[in-house]
J.: 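Okay, here's the structure, questions in a sec.
Values below: all heavy atoms of this structure, side chains included; hydrogens, waters and symmetry mates excluded.
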Amino acid sequence: MAQDKQTGQYYFPHGSRLPFFGSASLFVLMAGAAATLNGASIGVWVLGVGFLLLCALFFFWFGEVIRENQAGALFYARQLSVPWLGGDGAKAVTGLLWPDFEASWPSNGPGALSPRDNGSYEIIPAFGLPAINTALLLTSGLTITIAHHAMKMGNRGMLKIFLALTFLLGFTFLGVQAHEYGEAYREHGLQLGTGIYGSTFFMLTGFHGLHVTVGAIMLVVIWLRCMKGHFTPHQHFAFEAVAWYWHFVDVVWLGLCRGSASSWQALHRDRRQYRRGQDRADAIPVPALRHQAVLRAKRPESLPRGLLR
Amino acid sequence: MSIVKRNSKLPAAAGALAALTTVPARADWSLLNMPKGVSELSRDIYDMHMIMLWICLAIAVVTFGAMIYAMIRFRKSRGAVADTKLLHNARLEAAWTIVPTIILIGMAIPSVDKLIKIEDMSGSKLTIKVTGYQWYWHYEYLGRGVSFYSRLARSSDLARQRGSGIDPNTVDNYLLEVDKPLVVPTGTKIRLLLTANDVIHAWWVPDFGMKRDAIPGFMNEMWVSVDADKPGTYRGKCAELCGADHGFMPIVVVAMPPAEFEAWLAQQELRQ
Amino acid sequence: MRPDEVTNMAHGNAAAGHGDHHRPPKGVMRWLTTTNHKDIGTMYLVFSLAMFLIGGVMALLIRAELFQPGLQLVDPGFYNQLTTVHALVMVFGAVMPATVGLANWMIPLQIGAADMALPRMNLFSFWLLFFAFVLLISTFFVPGGAPAAGWTLYPPLVLQTGNAFPMAIFAIHLMGASSIMGAINVIVTIVNMRAPGMTLLKMPLFSWSWLITAYLLIAVMPVFAGGVTMLLTDYYFHTSFFNAAGGGDPVLFQHVFWFFGHPEVYIMILPAFGIVSEIIPTFSRKPIFGYEAMVYAIASIAFLSFIVWAHHMFTVGMPLAGQLFFTLSTMLIAVPTGVKVFNWTTTMWRGSLSFEPPMLFALAFLFLFTIGGFSGLMLAIVPADFQYHDTYFVVAHFHYVLVPGAVFGIMAAVYYWLPKWTGHMYDMNIAKWHFWLTAIFVNVLFFPQHFLGLAGMQRRIPDYPTQFTDWNMVSSIGGFGFGLSQLLFVWLIIRCVKGGQRATAGVWDWPHGLEWTVPSPAPYHTFEKSPELH
Ligand code: HEA
Ligand code: HEA
Ligand code: CUA
Ligand SMILES: [Cu+2]
């Protein structure tokens, strides 16, 4: 709901069928996903229908919001603040919970999952393609800022060009990432199932990629709306919201990169330790071991393997 | 859980009211509180528990007393008139922030040295590796070549089946008996290495005062030491939900004097 | 503020501009399409009551099985499904939606707003919740049955779930989405739509408690969703987050879960604190004592709730420093909670007390929640928790804070605001019967569980050694008594909706706050033009 500045009146949307429709389509989507995961053959179809319904929902919902917006209702959520974001507590927590933690874990997964015979894999270094990708994403942060300035100056030509540039950079990023995934799977032996490194790598970058995809689609929509002349230099909240989102995706990537760079170093160091640890594998019952955290970190060999499947 | 099984004279299906009225009269007071146990740790823990109980009771008397007094004294039906000016009292508010803080810190301090003692595994004379399985235990006397499995006793297992027709009250140590108990020496610091093979379990014998999780893929440690003058049979159970038969993987420990224990161990070594 | 402090009231009459608010459509379409905060609040409350009955029936099955040793009614596997779904239904289906329903109804009325800020999203979050529970409860009917690893869903055990596994996880995703939307809505409403003059520090404490709860929700629901997503990929896509063989750690999930789970329990209790802070002044006929301290206390409880999570995991084998830290931080929560308890007591001091049903429930809350708080404090002491952990002592603790805590708070709120919602007074005699039966039986039900736990009965077992028989019988009798008493509650609500003596705008002797300035029942649209406050 939004308030009209002059009259102090609020705008109410009328009753709407969309929320129920949306919930129902999400239900279909999830039931379909569950059925697919459980191996039911109709699962995929249900999933597909759910997905189509969801697309339809987005189409209608945003369409309605845009219509209302054009009709003069102002939407805002600017005062939403997220004070708890930021701050790097990870170190402190690790130090507290596992003071003697050394990352010398078996990180190559339940062996057989790697395509290589010995279950080994290589990790993705933080330079090379990832560095190029970082540059792409950073540049896109710049172009969208230029677009924003152009919008404020009323320079529609610049706006359109730099907005288009932004989502093109975004899609290029995704292309490079897809290529990198392919290499990881085929050549480095690094897969989702190759132990905790693979799991973490693909989950983090994968979910990031998902957000980039969503962001790039939103940029396209905003670009189309710019073409239709929906915004004015003073009224373009939708544009700003998408720009925020894009910057957010950008910043998260920097965090990921830093994280993966340091874990890359850590892994190289730790593998050595891990090998050292292997030499001591038969030393389990030595009473000198003082701490279960040490026990955990240093003695993977004593583990019963293949617990889950 | 105490060693002695309590014989319930009441038929299981006793009527509702009968149970309600007779229970307090027949209550066995050991069933109301934590056991003191048979080790230094368990007595430490029991003492801490009692201290906290008394502190909480004392605070309860004061706060509940004030509430009850207010409810009686300031009733409208007795003509009480509200004092709408009583909105703040800085001193009072400071007092009831600071005093509880002090009480709390006072409650926490005794736990420090107990914890240090609990986490200190040094000086143990015997190490036993305990592995949890769905749904039984495996014990291994490390370096002594003795190991065996320990499962729910047959008599309990038969009686616990749904529709078995066996009244649990007729089974000795229902759900607290195993086919082969763990045997430990008394008066000795014993280190337990805990792990599991499938899901998380937890090893707990209340009379020893400790409980610790057995986590697949990892080793946990804890130590126990049974008082030298308290040989006997002590019973516990798995204390972490581990699937359907979580309730049916008891632990039985027989503590015997060190000499007897060595003899027992030698005999086991021969057999294996 | 008192009713007479408010001028310029405009409710019901259409305002300029967008004044074409038709009456709601008739029949089922009204409930499928409404964006009115009162309608949505009602739906939440009805849904919550239904879930309370469903979760309660599961609880009664549990209590029936535990009435005596031996297995009489259910198999052990099914028993675990019952406890798991009982907890999930009660927590996510009964208590949380009830407080969301109250927030929907009361926050706009309390702060003088015309509706919630994001009405369509409001409806969306309700229906998401509905479908989440369709998905969750239908797991009872798929191969392998419902999830049975406890509501804490610890791996590796939870990875042994059958076809229910993805369904439960997606249900949690839907619940999470629903909660986050609801929370955003509350925050945006309170931040943007307070009537002129309604500064934050004039806001009623119920709205305050919800504002802070909403921040908690936004902070922790994504963590939970992330955790269960990792479970999902471990199960289906060969990741190793919680699998030691691949370098993962099952205990990592416990950290993730409790980082969500502990704030979650305060998400359930903070709104109840807010409710009690509304009711005790009304029936003491005197404003709350230490209003600002109350606000700061809620905020500090919320803050502290983020740094205590590992007190649920003392037995996993944490380093000494970790155990001590979590003991101390946990105990600190007693300080702001104590401030609240003492302020409530002082509010009654030199008051003019009367004991209508809302006040009765609020008082029972005061006593029984405190008992639950004390047992929580005992649990927080590490070495002692080694004995208490995973026994019925814990079960007793959390039912004391949840049932005579959160649930009594909700019941108090229903008795307090029901006349405002329906326009009718309810039958005071039935309400008092309901109160006394409930208050007595809840103690018969849960107090003996302290004894059981101390004497060594672990939780999550369908069968027990025979020495625990007596107290289990008592507890089960209490459970059935408690359950039957709730029929009175349902009956009373139905009668009150249908009719009864007309309620005035103020309803109570000493009405206090904007909600008591609008007629009863509250008109479909209120405060279309902001009230002005002095
Ligand atoms: C509404 C829900 C709620 C609330 C409010 C609380 C409140 C508290 N809880 Fe509880 N808790 C749960 C719900 C809740 N809990 C649940 C569901 C579980 C189990 C989950 C599971 O395993 O399934 C649990 C488990 C649990 C454990 C883990 C036990 C175990 O598994 O081994 C612990 C341990 O520290 C704990 C502690 C506390 C403490 C210290 C408080 C404190 O906030 C209490 C503070 C209140 C008071 C202390 C009383 C009032 C204060 C005064 C009158 C002031 C003066 C007092 C003093 C100075 C002492 N709780
Ligand atoms: C808000 C949360 C909430 C609420 C309200 C309740 C309410 C109740 N709970 Fe629950 N409970 C939990 C949260 C909650 N519980 C959690 C988190 C767990 C841990 C689960 C786990 O281990 O993973 C748990 C576990 C739990 C256990 C332990 C199981 C075990 O460890 O093996 C037990 C056993 O007694 C129990 C009992 C009850 C009872 C009797 C009620 C009663 O208050 C319910 C009363 C309501 C009704 C009875 C319904 C209303 C009446 C009718 C429908 C009319 C019909 C009635 C008759 C015919 C008699 N609960
Ligand atoms: Cu093993 Cu519970
Ligand atoms: Cu907690």
J.: Can you tell me which portion of C/Asp463 sits under 4.5 Å from chain B's heavy atoms? Options are side chain, backbone, both or neither.
T.: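 It is both, since atoms from each part get that close.
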J.: Tell me, for B/Cys56 versus chain C, whether the close heavy atoms (under 4.5 Å) come from the side chain, the backbone, both or neither.
T.: both
J.: For side-chain contact (heavy atoms from CB on, under 4.5 Å), just list the numbers for C/Trp344 and B/Met67, CA-CA rounded to whole Å, side-chain angles, deciding distance to a tenth of an Å, and then say yes or no.
T.: CA-CA 9 Å; C/Trp344 288 323; B/Met67 289 174 200; over 6 Å; no
J.: Relative to chain B, which segment of C/Ser476 carries a heavy atom at a distance below 4.5 Å: side chain, backbone, both, or neither?
T.: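 Neither part.
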J.: Could you tell me the separation between the CG atom of C/Leu377 and the CG atom of B/Leu104, rounded to the nearest 0.5 Å?
T.: 5.5 Å
J.: Select one option (side chain, backbone, both, neither) describing which atoms of C/Val158 are under 4.5 Å from chain B's heavy atoms.
T.: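 Contact with chain B is absent: no heavy atom of C/Val158 under 4.5 Å.
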J.: If you tally heavy-atom pairs under 4.5 Å against chain B, which of C/Ser375, C/Gly453, C/Gly70 wins?
T.: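 Heavy-atom pairs under 4.5 Å are most numerous for C/Gly70.
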J.: For the interface with chain C, which of B/Arg73, B/Lys114, B/Arg160, B/Gln161 has the highest count of heavy-atom pairs at distances below 4.5 Å?
T.: B/Arg160
J.: Distance from B/Met222 atom CE to C/Thr315 atom OG1, nearest 0.5 Å?
T.: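 Here the interatomic distance stands at 10.5 Å.
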J.: Check whether C/Pro155 gets within reach of chain B through its side chain, its backbone, both or neither, counting any heavy atom under 4.5 Å.
T.: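 Just the backbone, heavy atoms under 4.5 Å.
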J.: Below 4.5 Å, heavy atoms only, C-beta onward: do B/Ser77 and C/Phe355 meet side chain to side chain?
T.: no
J.: CD1/C/Ile288 to CG/B/Leu86 distance, rounded to the nearest 0.5 angstrom?
T.: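 Those atoms lie 11.5 Å apart.
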J.: Can you label the angle between the C/Phe393 ring and the B/His49 ring as parallel, tilted or perpendicular, going by 30° and 60°?
T.: perpendicular
J.: Among C/His450, C/Glu292, C/Gln160, who wins on heavy-atom pairs under 4.5 Å with chain B?
T.: C/Gln160
J.: In terms of heavy-atom proximity below 4.5 Å to chain C, should B/Asp44 be classed as side chain, backbone, both, or neither?
T.: neither
J.: What part of B/Ala66 is in contact with chain C, defined as an atom under 4.5 angstrom from a non-hydrogen atom: side chain, backbone, both or neither?
T.: both
J.: Chain C heavy atoms under 4.5 Å from B/Ala60: which part of the residue, side chain, backbone, both or neither?
T.: both
J.: Is B/Glu240 close to chain C through its backbone or its side chain, or both, or neither, when contacts mean heavy atoms under 4.5 Å?
T.: both
J.: Non-hydrogen atoms of chain B under 4.5 Å away: do they reach the side chain of C/Phe480, the backbone, both or neither?
T.: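 Neither part; nothing is under 4.5 Å.
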J.: Please rank C/Ile461, C/Leu452, C/Val341, C/Asp390 by heavy-atom pairs under 4.5 Å with chain B and give me the top one.
T.: C/Asp390
J.: Is it the side chain or the backbone of C/Glu65 that comes within 4.5 Å of chain B heavy atoms, both, or neither?
T.: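 The answer is neither part of C/Glu65.
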J.: Which of the residues C/Ala149, C/Gly338, C/Gly478, C/Gly351 is involved in the greatest number of heavy-atom pairs with chain B at under 4.5 angstrom?
T.: C/Gly351
J.: Rounded to the nearest 0.5 Å, how far apart are CG of B/Asp83 and CZ of C/Arg285?
T.: 15.0 Å
J.: Does B/Lys76 form a side-chain contact (heavy atoms from CB on, under 4.5 Å) with C/Phe283? I'd like the steps, not just the answer.
T.: CA-CA 9 Å; B/Lys76 185 166 181 249; C/Phe283 297 95; over 6 Å; no
J.: Does a side-chain heavy-atom distance below 4.5 Å link B/Asn173 with C/Pro465?
T.: no
J.: Could you tell me whether the side chain of B/Met34 reaches within less than 4.5 Å of the side chain of C/Thr391, counting heavy atoms only?
T.: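 No, side chains not in contact.
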J.: At a heavy-atom distance under 4.5 Å, which candidate from C/Gln387, C/Arg459, C/Met313, C/Met348 has the highest pair count against chain B?
T.: C/Gln387
J.: Given the side-chain rings of C/Trp349 and B/Tyr69, with only the six-membered ring counted for Trp, is the space between their centroids under 6.0 Å?
T.: yes
J.: Between B/Leu53 and chain C, which part of the residue has a heavy atom less than 4.5 Å away: side chain, backbone, both or neither?
T.: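 Both backbone and side chain of B/Leu53 come within 4.5 Å of chain C.
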J.: Examine whether an atom of B/Leu241 lies under 4.5 Å from a heavy atom of chain C, and if so say whether it belongs to the side chain, the backbone or both; otherwise answer neither.
T.: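 For B/Leu241, backbone and side chain are both near chain C.
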J.: Minimum heavy-atom separation for C/Leu353 and B/Met71, please, with both atom names.
T.: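 For C/Leu353 and B/Met71, the tightest heavy-atom pair comes out as CD2-CA, 4.0 Å.
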J.: Measure from the side-chain N and O atoms of C/Gln458 to the backbone N and O of B/Gly247, and report whether any donor-acceptor pair falls under 3.5 Å.
T.: no
J.: For the interface with chain B, which of C/Leu73, C/Thr347, C/Ile371, C/Thr327 has the highest count of heavy-atom pairs at distances below 4.5 Å?
T.: C/Leu73
J.: In Å and rounded to the nearest 0.5 Å, what is the OG1 to CZ distance from C/Thr370 to B/Phe64?
T.: 5.0 Å
J.: For B/Met48, which atoms come within 4.5 Å of any heavy atom of chain C: side chain, backbone, both, or neither?
T.: side chain
J.: I'd like to know whether C/Leu324 forms a side-chain contact (heavy atoms from CB on, under 4.5 Å) with B/Val112, so could you lay out the CA-CA distance, the side-chain angles of the two residues, the decisive distance to 0.1 Å, and finally the verdict.
T.: CA-CA 7 Å; C/Leu324 289 174; B/Val112 178; 3.9 Å; yes
J.: Do C/Phe342 and B/Leu92 pass the side-chain contact (heavy atoms from CB on, under 4.5 Å) test, and can you show the C-alpha distance, the side-chain angles, and the key distance before you say yes or no?
T.: CA-CA 10 Å; C/Phe342 300 137; B/Leu92 206 58; over 6 Å; no
J.: Sort B/Tyr46 into side chain, backbone, both or neither according to what part of it lies under 4.5 angstrom from a heavy atom of chain C.
T.: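 Nothing of B/Tyr46, per the 4.5 Å heavy-atom cut-off to chain C.
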J.: Going from OG on B/Ser111 to CG on C/Leu328, what distance comes out if it is rounded to the nearest 0.5 angstrom?
T.: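 So the gap between those two atoms works out to 7.5 Å.
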J.: Below 4.5 Å, heavy-atom pairs only: which of B/Thr97, B/Ile105, B/Val199 has the largest tally toward chain C?
T.: B/Val199
J.: For each of B/Ser156, B/Ala108, B/Ala214, tally heavy-atom pairs with chain C at distances under 4.5 Å, and name the one with the top tally.
T.: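 Heavy-atom pairs under 4.5 Å are most numerous for B/Ala108.
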J.: So which part of B/Ile98 gets closer than 4.5 Å to some heavy atom of chain C, the side chain, the backbone, both or neither?
T.: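 Neither the backbone nor the side chain of B/Ile98 comes within 4.5 Å of chain C.
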J.: Where does C/Gln72 contact chain B at under 4.5 Å (heavy atoms): side chain, backbone, both or neither?
T.: backbone
J.: Name the region of B/Val81, side chain, backbone, both or neither, that has any atom closer than 4.5 Å to a heavy atom of chain C.
T.: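 When you check distances to chain C, only backbone atoms of B/Val81 fall under 4.5 Å.
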J.: Tell me the closest heavy-atom pair linking B/Ile118 and C/Pro383, and the distance in Å.
T.: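 Heavy atoms of B/Ile118 and C/Pro383 come nearest at CD1-CB, 4.0 Å.
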J.: When you measure from the side chain of B/Lys211 to the backbone N and O of C/His389, does any donor-acceptor pair fall under 3.5 Å?
T.: yes
J.: When only pairs under 4.5 Å are counted, which of B/Leu57, B/Leu41, B/Leu175 shares the most heavy-atom pairs with chain C?
T.: B/Leu175
